[in-house]
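Shown next, in structure tokens, is the structure this report addresses.
Every chain is numbered from 1 and lettered A, B, ... according to where its sequence line falls, protein lines coming before strand lines. These values consider heavy atoms only, across backbone and side chains, with no hydrogens, waters or symmetry-generated copies.
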Protein chains: 2
Amino acid sequence: MNASDDSAGRTAPPKRKDARRNKEALLDAAAAVFVTSGVDAPVRDIAAKAGVGLGTIYRHFPTRADLIIAVYRHQVDACAEAGPALLASSATPHAALAQWIDLFVDFLVTKHGLAAVLQSDNPGCDALHTYFIDRLVPVCTHLLEAATEADEIRTDLTAYELMRGVGNLCIGADSDPRYDARRLVQLLIAGLRPPH
Amino acid sequence: MNASDDSAGRTAPPKRKDARRNKEALLDAAAAVFVTSGVDAPVRDIAAKAGVGLGTIYRHFPTRADLIIAVYRHQVDACAEAGPALLASSATPHAALAQWIDLFVDFLVTKHGLAAVLQSDNPGCDALHTYFIDRLVPVCTHLLEAATEADEIRTDLTAYELMRGVGNLCIGADSDPRYDARRLVQLLIAGLRPPH
DNA sequence: CGACGATACGGAACACTGTTCCGCTTTGCA
DNA sequence: TGCAAAGCGGAACAGTGTTCCGTATCGTCG
């Protein structure tokens with residue numbers, strides 16, 4: 001079980017209570033700072049907000065990406081779990097896919113700069129990219145297959161490519177009122193439908 | 001005329017011949033380094049390749065973005081000028097739009113990391129974003145209007161939004177064989193067509 | 001042809017990142 | 001209560017883009 005826990009990125013809680021307290025404080029501080037300053041906020045700001053030294057942050061979260069993952073894990077999991085539910089409750093698989101993508105887009109767009117970090121080539125941020133992909137691509141594949149079997153989808157687009165494209169479309173959607181990522185994603189999903 | 005030249009980002013060539021030589025060397029070096037190391041290559045690498053000091057680079061190109069603009073100006077201009085030509089030579093406005101977007105995507109995808117820099121919020125890179133937008137959005141607007149008048153377009157999508165979306169879709173298209181930006185852009189363009 | 005002022009150069013230095021390291025403190029158990 | 005182990009803080013490192021200024025070069029003018 002430990003192996004699977006670790007592969008999911010989760011770690012056993014620290015033994016000492018000061019360590020537990022600091023880890024909590026860091027997660028809270030990071031969440032708060034991400035909201036106000038975006039996901040790119042300097043590590044030092046987070047440490048300061050948590051009232052903690054830099055060493056502490058890096059012991060609990062070996063890299064910046066790990067902290068981001070820890071902060072958003074629950075929401076990503078919730079999104080992943082909503083996939084099958086939507087498939088069961090929607091009129092058609094294509095509708096389920098569209099709703100699920102909406103969920104994902106809403107999540108990304110409300111986290112300043114997250115979409116940008118998600119695809120950035122910065123070494124160390126691979127972990128973040130990988131986590132999102134590992135968690136969400138299987139769900140998307142499932143939805144995509146259902147829609148394909150129902151002949152509601154035109155191409156043999158990979159779930160990975162779709163997720164990647166949607167993620168990219170969300171970049172900079174905050175911080176630019178002239179750009180509405182939701183609309184473009186809807187267009188992309190519309191483009192998936194087969195021509196009559 | 002000087003005013004309009006400046007507003008287009010062009011600057012009068014330096015008076016002294018060593019200055020002219022260095023500017024040329026910098027442009028050549030930058031182009032070469034961008035090809036091998038991507039558009040994010042450190043400024044120091046470019047200066048070294050040009051056999052020039054850091055001060056020199058910043059005198060000729062006040063910011064990183066200005067250097068990138070200077071390197072790609074000709075290609076961006078060519079792309080902009082291809083718009084009206086395509087409109088004249090294509091069967092339908094929608095086809096012209098699709099071909100023009102293809103041109104743009106080809107350009108972006110072959111410049112490692114350019115699409116990413118284009119939307120990045122780094123202060124100083126605004127100039128780059130602005131240059132692309134100013135140069136290409138009018139052309140895109142023109143194509144979009146033609147297609148709209150021919151009833152080949154579904155929504156009232158802004159040219160800005162479309163360019164932005166296409167640019168975003170191209171991010172990371174190099175450096176990831178699993179992701180084919182061209183296909184996603186085609187899907188997006190397909191999504192523009194009106195439903196029957 | 002020889003000053004000499006304007007122009008341009010080089011690279012050290014600054015500000016800001018993420019990350020590492022290590023001496024010191026705190027904790028929880030024996 | 002003592003004391004190893006676990007954890008902590010923040011100085012220090014490495015790598016960015018950018019600024020600054022003493023020095024070298026250029027082109028002109030006498």
Side-chain angles (χ1 to χ4, degrees), chain A residues 11-27 29-30 33-34 37-71 113 116-118 120-129, chain B residues 11-27 29-30 33-34 37-71 113 116-118 120-129:
Chain A
T11 314
K15 304 291 183 196
R16 273 168 57 165
K17 92 177 157 211
D18 56 345
R20 274 196 306 274
R21 178 167 32 83
N22 279 330
K23 187 161 186 173
E24 270 308 306
L26 273 170
L27 282 172
V33 170
F34 287 169
S37 309
V39 173
D40 306 311
V43 185
R44 283 164 177 80
D45 289 2
I46 299 165
K49 178 103 179 179
V52 136
L54 277 172
T56 303
I57 217 174
Y58 278 94
R59 192 162 336 90
H60 288 296
F61 307 99
T63 185
R64 209 192 145 62
D66 296 301
L67 177 56
I68 300 176
I69 292 175
V71 167
V117 174
L118 211 46
S120 107
D121 300 337
N122 308 346
C125 283
D126 299 342
L128 187 58
H129 183 94
Chain B
T11 313
K15 303 291 181 197
R16 273 168 57 165
K17 90 177 155 210
D18 55 345
R20 273 197 305 275
R21 178 167 31 84
N22 279 330
K23 187 161 185 174
E24 270 307 305
L26 273 170
L27 282 172
V33 171
F34 287 169
S37 309
V39 173
D40 306 312
V43 185
R44 283 164 177 79
D45 289 3
I46 299 166
K49 178 104 180 178
V52 136
L54 277 173
T56 302
I57 217 173
Y58 278 95
R59 191 159 339 89
H60 288 296
F61 307 99
T63 185
R64 210 193 146 60
D66 296 301
L67 177 56
I68 300 176
I69 292 175
V71 167
V117 174
L118 212 46
S120 108
D121 300 336
N122 309 346
C125 282
D126 299 343
L128 187 59
H129 183 94

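A/R16 CZ to A/R21 CZ: the interatomic distance, rounded to the nearest 0.5 Å, is 10.0 Å. A distance of 15.5 Å separates CD of A/E24 from NZ of A/K17, quoted to the nearest 0.5 Å.
A heavy atom closer than 4.0 Å to some atom of DNA chain D occurs in B/R44, B/L54, B/G55, these being the qualifying members of residues 44-56 of chain B.
C/dT17 atom P lies 13 Å from atom CD1 of A/I57, rounded to whole Å. The CZ-C1' distance, from A/R64 to C/dT20, rounds to 17 Å in whole Å. Between B/K23 atom NZ and C/dG10 atom P the separation is 16 Å, expressed in whole Å. One can place CZ of B/F61 at 16 Å from P of D/dT19, the figure rounded to the nearest angstrom.
Phosphate proximity of C/dA8 to B/N22: absent, as no side-chain N or O sits under 4.0 Å from OP1 or OP2. Listed pair B/H60 / C/dA8 fails the phosphate criterion, with no side-chain N or O lying under 4.0 Å from OP1 or OP2. Side-chain nitrogen and oxygen atoms of B/T63 include at least one within less than 4.0 Å of the OP1 or OP2 phosphate oxygen of D/dT18.
A/G53 approaches A/A47 most closely through the heavy-atom pair O-CB, 4.2 Å. Contact record, B/A25 with B/A50: O-CB, 3.8 Å, taken as the closest heavy-atom pair. Scanning all heavy atoms of the two residues, the minimum distance from A/L118 to A/H129 falls at O-ND1, 3.0 Å. Across every non-hydrogen atom of B/A41 and B/V33, the tightest pair is CB-CG1, 3.3 Å.
Residue contacts shown for A/A65 are absent, as no nucleic acid heavy atom lies under 4.0 Å away.
Looking at residues two or more places apart in sequence or on another chain, you find a side-chain contact (heavy atoms from CB on, under 4.5 Å) between A/I68 and A/F34, A/V39, A/R64, A/Y72, A/L114, A/V117, A/L128. Not counting sequence neighbours, the partners of B/R44 by the side-chain contact (heavy atoms from CB on, under 4.5 Å) test are B/L54. By the side-chain contact (heavy atoms from CB on, under 4.5 Å) test, A/F61 is found to be paired with A/K23, A/L26, A/L27, A/D66, A/L67, A/A70, residues two or more places apart in sequence or in another chain being considered.
Here the side chains of A/D45 and A/K49 are not in contact, with every heavy-atom distance at 4.5 Å or above.
Of the candidate nucleotides D/dG9, D/dT18, C/dG18, C/dG18 has the atom nearest to the side chain of A/Y58.
Direction of the helix axis in the helix from C/dC1-D/dG30 to C/dA30-D/dT1 shifts by 20° between the two five-pair termini, rounded to 10°.
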- Message: I need a per-nucleotide contact map over nucleotides 24-30 of chain C, read 5' to 3'. Cutoff is protein heavy atoms under 4.0 Å; write B for the base, S for backbone only, - otherwise.
- Response: --BSS--
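Of the two residues near DNA chain D, B/R59 and A/R59, the one whose nearest nucleotide lies more 5' is A/R59.
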